[in-house]
2 protein chains.
Amino acid sequence: MNAPATVTKQGRKWDQVLEGARTVFMRDGFEGASVDDIVREAGVSKATLYSYFPDKRLLFLEVAKSECNAQSEAAIQQIEGSGDVREVLSTAAGRMVRFFMSDVGMQVFRIVVGESQRFPEIGREFYASGPLMVRQMLVGFLSRAVDEGKLKIDDVELAADQFPELCKAGLHMQLVLGLRDSASEEEIDRVIEGAVDMFMSQYGV
Amino acid sequence: MNAPATVTKQGRKWDQVLEGARTVFMRDGFEGASVDDIVREAGVSKATLYSYFPDKRLLFLEVAKSECNAQSEAAIQQIEGSGDVREVLSTAAGRMVRFFMSDVGMQVFRIVVGESQRFPEIGREFYASGPLMVRQMLVGFLSRAVDEGKLKIDDVELAADQFPELCKAGLHMQLVLGLRDSASEEEIDRVIEGAVDMFMSQYGV
DNA sequence: CAACATATAAACTGTTCAGTTCAGTTTTTT
DNA sequence: AAAAAACTGAACTGAACAGTTTATATGTTG
C-alpha cells in the first residue's frame, strides 16, 4: 500500500548516536570526551555505537563533517543570489565571522587543529568540507566579478585566501585561546567592515 | 684556582630536561609525548624531571614560552631600526610568515590551540608571550607612522590585528592541518607581498 | 670525614579509557 | 507467529601513562 520513506536507514539509532557525540565533543573536546559519556548522552549502548563507528576518531570526523557541510551549504546559497560585490562580501564575511566565533565552530577548529597531526585524515576531511568549499566559492565569485569588470585582481586565489583571514582579525585567536568568552556585536561589525573595506580598497575598480 | 662559570644553575640538568622536552613535544605533540619518552630523550631520571617541574603541563608551558620569547625578542630588535614603512612591514611579515610556517611555530600552535580549553593558562601565557607582543609592537610602530604622516589609520588596533592575519593567507591553515609539508619560497614571497600591498593600499597616505 | 644537595634506576600505584564480548531483550520484517 | 536484525547492559581486557617512592650513588663543601 504505502511505499513509505524507507531511507535505507542503517539502523534506527544512527542519528541519536551522532547527536549525542556532537553534544559531548562540543562540550569536552576530543580527548576530554569519553566514549562512555557519549553513549550515556545518546541513550544508547556502547555496543551499538561501535556497530556504527569503528572508532572514536571516525565518530568525531563524522560530527565535524556534518557541521561543516551544514555551514557550507547555507553559505553557498547566499552567495549565488545578489549583485553588488560589496554587499555579497559583507554578507559572506558576516557568515564566516559568526561561524568562526560560534561555540561549535571554535570547538571543531580546536579539535581538528589539535588532532590533525596524529590523525591526518581529520585534517584532510575537515579542510575539504570546510575551508576548501569557502575558497572555491570565493574563487568562483571573484573570477566572475573580475570578468564583469567589477573587481581588479591579479591573483584570484591569493585574494580568496586573504579574505577569510581578514575575517578573523585577532578576535578569533583570542576566543580560541580562551582569553575571552565572546565578542560583542560592535566588535564583530568592526571586523567585518574592516575586512570588506580593506579588500575593496585593494581590489575595487 | 679557577673560579669557573658557576651561573647559579638551579640544578645541572635543567637545560637538559628542557631541551629533551622540546624535542619530544615538537615531535609528538602534547598528548602524544609521554613523560617517559622525555626523560629518555633528555638522559635524565623521571625523579629529576619532577624535581624541576611539578607536572607535564607546566613543563610544556616552559618550552612554549621559551620559543615565543626567543622569537619575539628577535622581532622587536628588527622593527626598531629602519625608516621606510613598506620595508619595515615587509621585514616583519617575512619574520611572521616564516615563524608561522616553521615546524616549531606550527607545533606550538597546534598544541596550544588543542589544549587551551582544558588548560586555560596555556592559552593565556602563550598569547601574552607571542601574539600580544607582536600586536603591541605593531600598534606602537603604526601609531608612530601615523603621527609622522606616513600612514593614515582610523583604528590602529584593528590594523594591528589584520596584518598578521594577512600573513597567514591560507598557507598556514594548509600546513597546520597537514595538507602539505612545506611552502615554497615563491609562495611565501607572494603571501608577504600580498599582505604588504593590501595593507598599504588601505592605509598608505 | 661528615653533611648536604643532587641525581639515578626501577618498581609501584592508581586511574582512565578504548574497545570487546555475550547472553538476553526489543523491534522490524516476512 | 516465526525469523531476522538491531539493541542492551554489564562486565571484562589490556594497555597507557602521570606521578610517587625507595634505596642507592655521586659529588661538593666546610
Side-chain angles (χ1 to χ4, degrees), chain A residues 1-25 27-64 111 114-115 117-119 121-122, chain B residues 1-21 23-25 27-63 111 114-115 117-119 121-122:
Chain A
M1 209 69 68
N2 55 348
T6 41
V7 233
T8 339
K9 49 177 80 164
Q10 55 245 82
R12 324 195 296 276
K13 311 222 161 167
W14 202 85
D15 290 341
Q16 214 171 315
V17 173
L18 212 67
E19 184 51 37
R22 199 189 95 104
T23 304
V24 178
F25 279 134
R27 191 183 59 217
D28 300 336
F30 181 78
E31 290 288 343
S34 84
V35 175
D36 289 296
D37 287 347
I38 292 173
V39 302
R40 208 176 305 122
E41 177 72 32
V44 138
S45 79
K46 216 170 172 178
T48 301
L49 185 151
Y50 276 102
S51 81
Y52 290 139
F53 301 96
D55 61 37
K56 192 183 170 188
R57 247 181 317 133
L58 291 199
L59 173 57
F60 169 74
L61 195 52
E62 213 55 45
V63 172
I111 299 176
E115 304 296 325
Q117 175 158 67
R118 282 196 293 168
F119 309 123
E121 74 268 38
I122 285 188
Chain B
M1 211 62 73
N2 55 347
T6 40
V7 236
T8 339
K9 46 180 83 167
Q10 55 240 90
R12 322 196 296 279
K13 310 226 163 165
W14 201 85
D15 290 342
Q16 212 171 318
V17 173
L18 212 67
E19 184 52 37
T23 304
V24 178
F25 278 134
R27 191 184 60 218
D28 300 335
F30 181 79
E31 290 288 344
S34 83
V35 176
D36 289 296
D37 287 348
I38 292 174
V39 302
R40 209 175 305 123
E41 176 72 32
V44 139
S45 80
K46 217 171 172 179
T48 302
L49 185 150
Y50 276 101
S51 80
Y52 291 137
F53 300 97
D55 62 38
K56 192 185 170 188
R57 247 180 320 132
L58 291 199
L59 174 57
F60 169 73
L61 197 52
E62 212 54 47
V63 172
I111 299 177
E115 303 298 326
Q117 176 158 67
R118 284 196 293 168
F119 309 124
E121 75 269 39
I122 285 188

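Just so it is clear, the structure is predicted and the values come from calculations on it, not from any experiment. So you know, we letter chains A, B, ... as the sequences are listed, proteins then strands, and number each from 1.
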What is the distance, rounded to the nearest whole Å, between atom [atom1] of [X] and atom [atom2] of [N]?
| X | N | atom1 | atom2 | answer |
| --- | --- | --- | --- | --- |
| K56(B) | dT20(D) | NZ | C1' | 17 Å |
| W14(A) | dC7(D) | CH2 | P | 13 Å |
| L49(A) | dA6(D) | CG | C1' | 14 Å |
| F25(A) | dC17(C) | CZ | P | 13 Å |
| Y50(B) | dT21(D) | OH | C1' | 14 Å |
| F60(B) | dA18(D) | CZ | C1' | 17 Å |
| F53(A) | dG19(C) | CZ | P | 13 Å |
| L59(A) | dG19(C) | CG | C1' | 13 Å |

Inset, instruction - Compare side-chain N and O positions of K13(A) against OP1 and OP2 of dC7(D) and report whether any pair is under 4.0 Å apart. - result: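 Answer is no, no contact under 4.0 Å.
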Legend entry - Below 4.0 Å: OP1/OP2 of dC7(D) and any side-chain N or O of Y52(A):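 Indeed, a polar side-chain atom of Y52(A) lies that close.
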Legend entry - Per R12(A) side chain, nearest of listed nucleotides dT28(C), dG19(C), dT8(C):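 It is dT28(C).
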Legend entry - N-O pairing of R57(A) and E115(A) below 4.0 Å: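 The answer is no: the pair does not qualify as a salt bridge.
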Inset, instruction - Supply the atom-to-atom distance E19(B) CD to W14(B) CH2, rounded to the nearest 0.5 angstrom. - result: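 If we round to the nearest 0.5 Å, E19(B):CD and W14(B):CH2 are 11.5 Å apart.
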Legend entry - By salt bridge (Lys or Arg N to Asp or Glu O under 4.0 Å) - contacts of K46(A) (at least two apart):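 Salt bridge (Lys or Arg N to Asp or Glu O under 4.0 Å) check on K46(A) returns D36(A).
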Inset, instruction - Classify the angle between the aromatic ring planes of F60(A) and F25(A) as parallel (below 30°), tilted (30 to 60°) or perpendicular (above 60°). - result: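 Perpendicular: the ring planes of F60(A) and F25(A) meet at over 60°.
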Inset, instruction - State, yes or no, whether a side-chain contact exists between L18(B) and F53(B) at a heavy-atom distance under 4.5 Å. - result: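 Contact flag for L18(B)/F53(B) side chains = yes.
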Legend entry - Stretch residues 27-46 of chain B: residues that reach within less than 4.0 Å of DNA chain C through a heavy atom: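 Within residues 27-46 of chain B, the residues near DNA chain C are G43(B), V44(B), S45(B).
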Legend entry - Given V63(A), V44(A), V39(A), the one that forms side chain to side chain contact (heavy atoms under 4.5 Å, CB included) with V17(A):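 By the side chain to side chain contact (heavy atoms under 4.5 Å, CB included) criterion, V17(A) pairs with just one of V63(A), V44(A), V39(A): V44(A).
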Inset, instruction - Ignoring hydrogens and angles, tell me if any N or O in the side chain of Q16(B) forms a donor-acceptor pair with the backbone of A42(B) under 3.5 Å. - result: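 Yes, the answer is positive, given that a donor and an acceptor are paired below the 3.5 Å cut-off.
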